[in-house]
Amino acid sequence: MKILKSILVIAMLISTTTIIAQNKMSTNIDNSNIALAGYSAVSYLDLGLAQIGNKAFKSEYQKVVYYFTSAKQKATFDNNPTKYLPQYGGFCAFGVYAGAKFRVDPNKFIVKNDKYYLYLNNVELDAKQLWLAENNHKKLKGIADKNWSKLSKTHN
């Protein structure tokens, strides 16, 4: 556990500008208000795939735009948007576990218990591998959930 926290501290130092820029938002969006870097929320959850969406198939939910790969995916999302929202607003699950918000690599995710979790990945840190290495999803999620209740309130 000490090693994981040390690695995360290093990542925090490297990503300080990202943390500052993201700290006031509860949803990880880009400057165009697009969630998931344009990847399809339905693809993550229903297909277990990271698929870039198409702006021709977009929906807005709570003032955030989501892209999908097809009209069928868009309709699926529109029928039950809360089911398809990413955990922790689309921020790195491991970062939230550690008490910070990090942007993610949209290709680094896991699906567990009908939810999907996204992770930071850069040359210094693969947060998905750290999460999996802990081998205790329930414990990590419990701590992340508690942290998210505070972090999610730091929005515009």
Side-chain angles (χ1 to χ4, degrees), residues 8 11-12 14-132 137 140-156:
L8 192 57
M12 284 183 199
I14 292 167
S15 303
T16 301
T17 56
T18 301
I19 295 169
I20 292 167
Q22 292 292 301
N23 201 29
K24 293 187 178 185
M25 294 184 285
S26 62
T27 303
N28 190 359
I29 55 175
D30 68 10
N31 292 336
S32 302
N33 218 34
I34 298 169
L36 302 169
Y39 282 68
S40 170
V42 174
S43 291
Y44 282 124
L45 193 57
D46 288 356
L47 304 175
L49 298 172
Q51 293 182 311
I52 193 103
N54 183 322
K55 65 182 177 181
F57 309 112
K58 70 180 177 182
S59 291
E60 186 174 315
Y61 180 73
Q62 296 183 335
K63 299 181 183 179
V64 177
V65 176
Y66 295 86
Y67 287 172
F68 306 97
T69 62
S70 66
K72 182 179 177 184
Q73 278 196 355
K74 178 188 176 337
T76 297
F77 178 85
D78 291 343
N79 286 332
N80 190 1
T82 57
K83 174 182 178 180
Y84 292 97
L85 298 180
Q87 296 303 289
Y88 314 121
F91 289 99
C92 174
F94 195 85
V96 172
Y97 159 76
K101 294 179 184 176
F102 292 112
R103 286 209 181 263
V104 298
D105 175 341
N107 293 295
K108 291 289 187 169
F109 71 98
I110 62 169
V111 177
K112 185 102 171 161
N113 301 325
D114 294 323
K115 306 278 184 201
Y116 64 100
Y117 303 82
L118 298 156
Y119 299 91
L120 165 77
N121 184 52
N122 63 30
V123 293
E124 301 293 327
L125 179 73
D126 183 340
K128 177 183 172 184
Q129 290 308 313
L130 291 174
W131 184 279
L132 293 172
H137 179 81
L140 295 175
K141 182 184 176 317
I143 294 169
D145 288 351
K146 187 182 277 187
N147 288 342
W148 185 244
S149 69
K150 296 173 198 158
L151 289 170
S152 66
K153 291 180 176 106
T154 58
H155 57 80
N156 307 14

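Just the heavy atoms: all of them, side chains too, but no hydrogens, waters or symmetry mates, feed the values below. Positions are given from 1, in the same order as the sequence printed here.
Taking NZ of Lys108 as the reference point, atom CG of Asp126 lies at 3.5 Å (rounded to 0.5 Å). Going from atom CD1 of Ile34 over to atom OH of Tyr67 covers 3.5 Å, rounded to the nearest 0.5 Å. Interatomic distance, Leu49 CG to Ser43 OG, rounded to the nearest 0.5 Å: 6.5 Å. Atom CG of Asn121 is separated from atom CD of Gln129 by 9.0 Å, given to the nearest 0.5 angstrom. The distance from atom NZ of Lys74 to atom CG of Asn54, rounded to the nearest 0.5 Å, is 12.5 Å. Separation of atoms OH (Tyr66) and NZ (Lys58) is listed at 14.5 Å; rounding is to 0.5 Å.
Ser59 and Asp78 make their closest contact through OG-OD1, 2.5 Å (heavy atoms, listed as atom of the first residue, atom of the second, distance). Between Pro86 and Leu36, the closest heavy-atom pair is CG-CD2, 3.8 Å. Residues Asn107 and Ala50 come closest through the heavy atom pair OD1-CB, 3.5 Å. Between Val96 and Ala144, the shortest heavy-atom distance links the atoms CG1-O, 3.3 Å. Between Ile52 and Ala37, the shortest heavy-atom distance links the atoms CD1-O, 3.8 Å.
Put simply, the residue from Phe77, Tyr61, Tyr84 that forms a ring-ring contact (aromatic ring centres under 6.0 Å, His included) with Phe68 is Phe77. For the ring-ring contact (aromatic ring centres under 6.0 Å, His included) with Tyr119, the lone residue among Phe94, Trp131, Phe91 that qualifies is Trp131.
Tyr88 and Asn147 form no side-chain donor-acceptor contact under 3.5 Å, judged by distance and modelled atom types alone. With no hydrogens or angles considered, a side-chain donor-acceptor pair links Gln73 and Ser40 at under 3.5 Å.
You'll find the side chain of Trp148 reaches within 4.5 Å of the side chain of Lys101, heavy atoms only. Using a 4.5 Å cut-off on side-chain heavy atoms (C-beta onward), Phe109 and Val111 make contact. Looking only at side-chain heavy atoms (C-beta outward), Leu120 and Asp105 stay at 4.5 Å or farther from each other. Side-chain atoms of Ile110 and His137, non-hydrogen and from C-beta on, do get closer than 4.5 Å to each other. Residues Tyr44 and Pro106 have side chains in contact (heavy-atom distance under 4.5 Å, counting atoms from C-beta outward).
Counted within 6.0 Å of CG on Asp114, heavy atoms from surrounding residues, nucleotides or ligands total 12 or fewer; the atom is thus considered open.
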